[in-house]
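Hydrogens, waters and symmetry mates play no part in the numbers below; they use all other heavy atoms, side chains included. Proteins get letters first, then strands, A, B, ... in listed order; numbering begins at 1 in each.
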There are 2 protein chains.
Amino acid sequence: MRAPQSVRFPERVPARDVHREVCLHTMATNDMSPGARALLTKLDLFAKLDPQARRTLAGLLDRPQVSYERGQDLMTQGALRRDSYVILTGWAARSKTLPDGRRQILSFLTPGDAVGLFGAITPVATSSVTALSDLTAAPFAPTAIVRTIARSPQLAAALVWAAAREQEIMGEHLVSLGRRSARERVAHLFLELWARLKVRGLAGGDQLQVPLTQQIIADALGLSVVHVNRTLRQLAAEGLLAVKRESVALLDIRQLHQVTGFDEDYLMHHAMPQDLAAELARLVTHGPG
Amino acid sequence: MRAPQSVRFPERVPARDVHREVCLHTMATNDMSPGARALLTKLDLFAKLDPQARRTLAGLLDRPQVSYERGQDLMTQGALRRDSYVILTGWAARSKTLPDGRRQILSFLTPGDAVGLFGAITPVATSSVTALSDLTAAPFAPTAIVRTIARSPQLAAALVWAAAREQEIMGEHLVSLGRRSARERVAHLFLELWARLKVRGLAGGDQLQVPLTQQIIADALGLSVVHVNRTLRQLAAEGLLAVKRESVALLDIRQLHQVTGFDEDYLMHHAMPQDLAAELARLVTHGPG
DNA sequence: CGTCCGTTTGAGGTTTCTCAACGAGGGTGG
DNA sequence: CCACCCTCGTTGAGAAACCTCAAACGGACG
């Protein structure tokens, strides 16, 4: 058994101005809270939500937004659940910690992502969610999700889509940890984050702002910090990417794709398929009968 | 980059009589198809479904069951999706394969589990589902899930619970691949399977029937077959478990728990929490208004 | 009786880890 | 303003875990 390389998440470090802006689609969102808009931006990738769905969404997220500093927990493994959130600005990580301190990051959460969306289902949190940068979030009651599902079938379908998308990302993550080399894991992670951010307008060109320390990358990829460092430097030496303070430039995307066999289909950037849309439309017009 | 150790899944091998029986709870299930009963058995862990939910479930699964031989795909990565299924008897594995042949198993599917439950969302399958033993399954149309969600809020909540539970299992799997040693991974896998089967009445005592070859275990745990073999033999030598043909006996459960820090809470064997149940009941009685 | 699939074992190699130390930057307090 | 932390990144050296290759074994089945 190896000793834990994992280290506490950073705490009480002042803010940096990474990604404080949520990119909003040009819809009539004036009447909505920031939380509703952020979630809408994401769900909109899947389907244009109808007025009923948008009202329901607005009703769900009508509480004032809250702020967290880098290193604080929005949710703590083993503790009773409190609120659920939609992230407005900043990054967070969902992680699990073993009794001896080893830590594994399960997923990265970016603006528009939900924290504990289905959290009402277990009273005690099985993972922690920690702010990786200073962040703001829109809180909502965990049980409200049930009401939401019942009130708008379209919204329910969109939420299921969001859950399925998350599962796809976790699946690809599982492949990385189980079958990819350190080099492939690192390259794959950056390609994924780049693709995720780009589709929401949070990254442009080949540049990408990420508030990730090498320790955090290590905990996400199941590697030691030392080896992440060496891998990063090797990829940089080959001219594939350039790492600065808290940003990364993907210099040779074609070759990065080749290194990892990256195929962004699993991220599901696409709209609802035809048959599903038809089924939903029928329901919305004629009722569930 | 390591060469692929992964090997094709076994094919066309005759059936073995492992787990051909689904344990049914003692409810009035006479009017339901086998598929509906199997899924009900699982969803029942979460909440006693009301008549409306049970009617909807029966309507979803009214097609005749189908059979697959060991090694056949119920769903193939990269191919267009066909039906979704509820597994009735036998085991399956969901896996992803890299271009060079390396394979990672994402999850094991046992009776009552759904294949491609949310599959309508992507037209092309991002993973394969392969029969690990001969199996039978109840098919349903992928888009039917939308109707189901709209017709019964209780069923919708139960399905969300099932999805959340799956995500928890994947999360723990991620911890294994990222931060646990081979020894811990193997012990953890068996404890998980044992707990999952026991709660549905598919395993008794410390014995557990699993149609897993060492190659399959390796592909699930991100290890080589050779190392799985050595790890298995080491655990056996220490008297922690005994592996026979296709069954495993957990000889020292206390120490196995200690080896892995296993805590079965993440499997969510429990019923719906109080507040969620109350919320749902209100909806069912008063409507979503 | 031969073949096939899965398991087992040996030997040597590679990746990744641990331990340890140093450097660079930024914030903080004297 | 400078000295001192503290965090994070970087580098070296040796060790451990795990992998590959190769070969042999055993049971099941034709």
Sorted by position of nearest nucleotide on DNA chain D, 5' first, the leading residue of B:R183 and A:L232 is A:L232
Quick one, A:T89 with A:T136, criterion side chain to side chain donor-acceptor pair (under 3.5 Å). Give me CA distance, side-chain angles, the key distance, then yes/no. CA-CA 5 Å; A:T89 61; A:T136 56; 2.6 Å; yes
Angle separating the five-pair end axes of the helix from C:dC1-D:dG30 to C:dG30-D:dC1, nearest 10°, is 30°
The side chain to side chain contact (heavy atoms under 4.5 Å, CB included) partners of A:S247 (sequence neighbours excluded) come to A:Q207, A:Q209, A:K244
Between A:R102 and B:E184, is there a side-chain N and carboxylate O pair less than 4.0 Å apart?
-> yes
Salt-bridge test for A:K96 and B:E172: reply yes if a basic N is under 4.0 Å from a carboxylate O, no otherwise. yes
For [X] and [N], give me the distance from atom [atom1] to atom [atom2], rounded to whole Å.
X	N	atom1	atom2	answer
A:E69	D:dT7	CD	P	15 Å
A:E184	C:dT15	CD	P	12 Å
B:H227	C:dG13	NE2	C1'	14 Å
B:L212	C:dT7	CG	C1'	15 Å
B:L177	D:dA17	CG	P	18 Å
B:R102	D:dC18	CZ	P	18 Å
B:L235	C:dT7	CG	P	16 Å
B:D219	C:dG6	CG	P	12 Å

Would A:R196 and A:D113 count as a salt bridge (charged side-chain N to carboxylate O under 4.0 Å, His left out) here? Give the steps.
CA-CA 11 Å; A:R196 275 172 64 181; A:D113 287 331; 3.4 Å; yes
Closest of D:dC19, C:dC17, C:dC19 to the A:V226 side chain is C:dC19
Looking only at C:dA11, D:dT11, D:dC18, the nucleotide nearest the B:R230 side chain is C:dA11
Less than 4.0 angstrom between a side-chain N/O of [X] and OP1 or OP2 of [N], yes or no?
X	N	value
A:Q214	D:dT10	yes
B:R70	C:dG6	yes
A:N229	D:dG9	no

With a 4.5 Å heavy-atom cut-off, do A:V248 and A:W194 have their side chains touching?
no
At under 4.0 Å between heavy atoms, what does B:R233 touch on the DNA or RNA strands: base, sugar-phosphate, or nothing? sugar-phosphate
In this structure, CG of B:D83 is separated from CG of B:L74 (nearest 0.5 Å) by 10.0 Å
